[in-house]
Structures are given as C-alpha cells and as structure tokens.
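Following: one structure in structure tokens, then a few remarks.
A note on names: the letters A, B, ... follow the listed sequences, proteins ahead of strands, and every chain is numbered from 1.
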Protein chains: 2
Amino acid sequence: MDRFLSNTINKVDKKGRVSIPASFRPILGKTSHLYILSSVDQPTVDAGGVELIERKEQQLERMDPFSEDYELYSFVLHGDSTELKIDGEGRVILSDSIREQTGITDRAAFVGRGHFFQIWEPEKFRAYREEARKKVAEMRRAKSGGTTSEVSGGAIGGVATRRGEQNT
Amino acid sequence: MDRFLSNTINKVDKKGRVSIPASFRPILGKTSHLYILSSVDQPTVDAGGVELIERKEQQLERMDPFSEDYELYSFVLHGDSTELKIDGEGRVILSDSIREQTGITDRAAFVGRGHFFQIWEPEKFRAYREEARKKVAEMRRAKSGGTTSEVSGGAIGGVATRRGEQNT
DNA sequence: GTTATTCTTATGGGATAACATGGGTAAATT
DNA sequence: AATTTACCCATGTTATCCCATAAGAATAAC
C-alpha cells in the first residue's frame, strides 16, 4: 500500500499528542517528521512527508521568481507550513496553529486523500462529508433524472466514531 | 531538514536579544553569524547564512548591469546588509537598522522562507500573512474551478501569539 | 470451528533533555 | 568612566524519550 486511504479518529491526550494511524505511518517513509500545510478554504490541514512540500516547491520553480505570485506562494508555502516530529510511538503533538486552523481540541480525524492526508476536527469533518455527499447526489440527480437511493447508498464511507474504528 | 519552515514568535529582552528558533539554527550551519538583508517591498528583513548573500549576488549577476533595477538592487544588497553575531544560546541582538526597517520592539516573528527566513514585527506579519493567504486562495480559484484542498492547499495554520508557541 | 497465544496499536505517565528567557559580570567600545 | 557587548550560569516550561498497559486483531493450537 502506498496511498493514504480511509479515515480514523484518534484521541488527543493531555500532553497534546495524537497517534498517526498505523496504516499511514509506513507511507510517510523513514522520515520522523510530518509536514503540514493548512487549507485555505476548509478548516483542515494537509499532512504528509517531505514530498508534500517538495511537490509544491517544484510548482514554485516553474514560476517567475520576481513575480508577486511567486512571492506570495512561497511565503505561504514556507512560512505557513509546519514540521512535526514523530515520536517513537508514531505520535505527533499538534501545534497551536493547527488547533486554530482546525478547531481540534481532544479528538482528531485522520482522512486519507491519496498522496497526502488531512487532519480534521471530527464534527467538522462529519459535516463537510455530509455536505459533500449531498452535492454529489444533486449532481447525479441533475445529470440523470434517476433516483438518489443508489447514490446516497454508499458513495462515501462512514465516519469512524470511536478509538480504532476505521473504514478500510 | 534543510530548509527554513514554519513561523515562531520570540521575545526581545531588555538587552535587545532574541532567540533564533532552535529549528532554524542547524540550517545556518556552523557559522556563528547571521546575515541580514532588508527587504525592498515589505517591512521585514531576510536572514540566513553566508549563502544568502551569495545567492543574491548570483541573482544580481543575471540582471542587466546597465538597468536601473540592477543599480538599485546592487545598492540595497551591498549597502543594507548586516552581520549579527550569534551568542552561545543561539540569540542575536537586533540592530537599530533592523528595528527601523521592521518596526520590531519587544517581540519578533521568525518566518521560514525556504533557503532563508524573515524577521517581522508580529502584527505586521499577521496582516501580511492574512493577505497572502487570501491572494493565494484567489490564485488557486482562478486557475481551476476545483475545490479539492490539494489544489487549494498551501496556506497554513495560525500565527503563534505568545512566547515559545511555534509551528514546529 | 473454537479457544489460546502472540502482535499491533492506541494511549498514559514519569523521567529527562531541550529551549526560550533572565540576569550577572567581565571584556570591549566610545 | 559610562555604555554596550560577549560569555556564563540559572530557571521555568515544554518537548522528547522510554516504559507500561489495555483492547483488538491476527495467528496458531486444539
């Protein structure tokens, strides 16, 4: 497996630590660091290995280094990102900036997105997921006057609600 | 880790000293000096090891030596640079020129920019960051009507606001 | 097929090290 | 001499390391 899939909700302990889902760990590679970029339009952050940053740096390199766009993009990419150290048990401690961005307090939802994953406040994730499902259903309805039952049936998996529960 | 990432706000003590974030220190190499260049278009200064100056000189070489840009760039590059000594605890004392340029009084924001970092007056940083995030979001929206956070991603979490708070 | 055994994981807590910060004092500067 | 700067040491806080444990999951044994 080489992609981040499924979602899990883990607890944030009183020291601010959360376990990265065990299934995500090997995909991050041997690095003991987790890189974080916060989303501009949703209350979530993107997380992954260095490649997450490197991928964006490559996009930067294709831009004119003297342009305003380059300046802004580079500022946001490097100045607004975060590097979390992963401890021996596969945990990270969430920084204040991440908590601000996501609203996370005592539980965090880890959501696989392919070559990266996101970290959400569980309730916000649930709401966003619900909304996304609705929109997808509407789209389909609009396209093919058919019923929605098939669509709403199982387009997107359920949200894990307790320790260790996952959608695999 | 070999790039300057994330941002931190540190306190300037009554002697004028500030700690360089510990995560930035190793990237500077073994040099006990911090090189400073004041920014032309923002109230901030660029900081880094010797490579910072060297890199800028290389950029200069690529410019048309008869252009006005070259003249100005060369002027600020060589005229406005400073060298700060780093003490045993990883602190530097901010010069008057840096304080003038940035408006820093009692707190300083250290902002990673990849191969160098910037030092801002925290409030000014917060404002610029907000603006940058907004513009990047617009950039993204303009390029692709898409809504995935991977596309819109890139911006990041909140600004540290008190001593020691960081995005690590 | 069912039960026992071993492994994984998530989670907690204590001990320790790292870090930002403060202050004292001697060495330089002016 | 009066400041300012470099070097030391002190301290509270936070992060990091290490070990423990419960609950499941996977595997082996019966």
Side-chain angles (χ1 to χ4, degrees), chain A residues 1 4-28 31-34 36 82-99 104-112 117 119 122 160-168, chain B residues 1 4-28 31-34 36 82-99 104-112 117 119 122 160-168:
Chain A
M1 199 230 295
F4 298 103
L5 292 176
S6 92
N7 65 79
T8 317
I9 293 176
N10 283 341
K11 193 179 176 189
V12 179
D13 70 22
K14 57 195 78 163
K15 287 184 178 178
R17 299 175 297 190
V18 227
S19 288
I20 297 170
S23 62
F24 287 4
R25 262 118 72 170
I27 310 173
L28 289 172
T31 47
S32 55
H33 290 271
L34 185 68
I36 305 279
T82 308
E83 196 186 27
L84 303 180
K85 184 173 280 174
I86 304 176
D87 74 14
E89 281 73 44
R91 291 178 286 198
V92 289
I93 87 166
L94 300 177
S95 64
D96 291 339
S97 64
I98 294 175
R99 272 199 277 270
I104 289 171
T105 55
D106 62 337
R107 298 197 316 149
F110 292 80
V111 182
F117 62 89
I119 308 178
T161 51
R162 290 202 315 274
R163 175 202 171 263
E165 283 184 20
Q166 309 192 346
N167 301 321
T168 329
Chain B
M1 194 235 299
F4 297 101
L5 282 184
S6 92
N7 65 81
T8 317
I9 293 175
N10 283 341
K11 195 177 175 191
V12 179
D13 69 21
K14 57 194 78 164
K15 288 183 180 179
R17 299 175 298 189
V18 226
S19 288
I20 297 170
S23 62
F24 287 5
R25 262 117 72 168
I27 311 174
L28 289 172
T31 46
S32 55
H33 289 271
L34 186 67
I36 304 279
T82 327
E83 198 181 331
L84 302 180
K85 183 175 282 176
I86 303 175
D87 74 15
E89 280 73 43
R91 291 179 285 199
V92 289
I93 85 169
L94 300 178
S95 64
D96 291 342
S97 66
I98 294 176
R99 270 200 273 270
I104 289 172
T105 55
D106 62 337
R107 299 196 317 148
F110 292 80
V111 183
F117 63 89
I119 308 177
T161 51
R162 291 200 317 273
R163 178 226 163 234
E165 285 183 17
Q166 346 183 316
N167 303 322
T168 333

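Between C:dT21 and B:Lys14, no contact under 4.0 Å exists linking OP1 or OP2 to a side-chain N or O. Dashed line: the shortest gap from a side-chain N or O of A:Arg25 to OP1 or OP2 of C:dA10 is under 4.0 Å.
Straight-line distance from the CG atom of A:Asp87 to the P atom of C:dG14: 17 Å, rounded to whole Å. Atoms CD1 (A:Ile93) and P (C:dA18) sit 16 Å apart, rounded to a whole Å. With rounding to whole Å, A:Asp106 atom CG is found 10 Å from C:dG12 atom P. One can place NZ of B:Lys85 at 18 Å from P of D:dT4, the figure rounded to the nearest angstrom.
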Test side chain to side chain contact (heavy atoms under 4.5 Å, CB included) on B:Leu28 and B:Phe4; report intermediate values, then the result. CA-CA 9 Å; B:Leu28 289 172; B:Phe4 297 101; 3.8 Å; yes

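Residue B:Asp13 is in sugar-phosphate contact alone, with no base atom involved, counting any heavy-atom pair closer than 4.0 Å across all strands shown. Within 4.0 Å of A:Ile20, counting heavy atoms only, lie sugar-phosphate atoms of the nucleic acid but no base atom.
Taking the six-membered ring where tryptophan is involved, the planes of B:Phe24 and B:Phe117 are tilted, since the angle between them lies from 30° to 60°.
In this structure B:Asp87 satisfies the side-chain hydrogen bond (donor to acceptor under 3.5 Å, both in side chains) test together with B:Arg91, sequence neighbours excluded. In this view, B:Ser97 and B:Thr82, B:Ser95 satisfy the side-chain contact (heavy atoms from CB on, under 4.5 Å) rule, not counting sequence neighbours. Annotation: side-chain contact (heavy atoms from CB on, under 4.5 Å) contacts of A:Lys11 (sequence neighbours excluded): none.
Mapped onto DNA chain C by nearest heavy atom, B:Val18 and A:Val12 fall at different nucleotides, with A:Val12 at the one closer to the 5' end.
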Side-chain donor-acceptor contacts of residues 14-21 of chain B below 3.5 Å, not counting sequence neighbours, with atom names and distances?
from	atom 1	to	atom 2	distance (Å)
B:Arg17	NE	B:Asp13	OD2	2.7
B:Arg17	NH2	B:Asp13	OD2	3.0

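Judged by distance alone, with hydrogens and angles left aside, A:Glu89 brings no side-chain donor or acceptor close enough to the base of D:dC17 to form a pair under 3.5 Å.
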Expected string for nucleotides 24-30 of chain C under the B/S/- scheme (protein heavy atoms, under 4.0 Å, primed atoms plus P, OP1, OP2 as sugar-phosphate) is BB-----

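Axis angle between the ends of the helix from C:dG1-D:dC30 to C:dT30-D:dA1, five pairs each and rounded to 10 degrees, works out to 30°.
A:Leu84 places none of its side-chain heavy atoms less than 4.5 Å from the side chain of A:Ile93.
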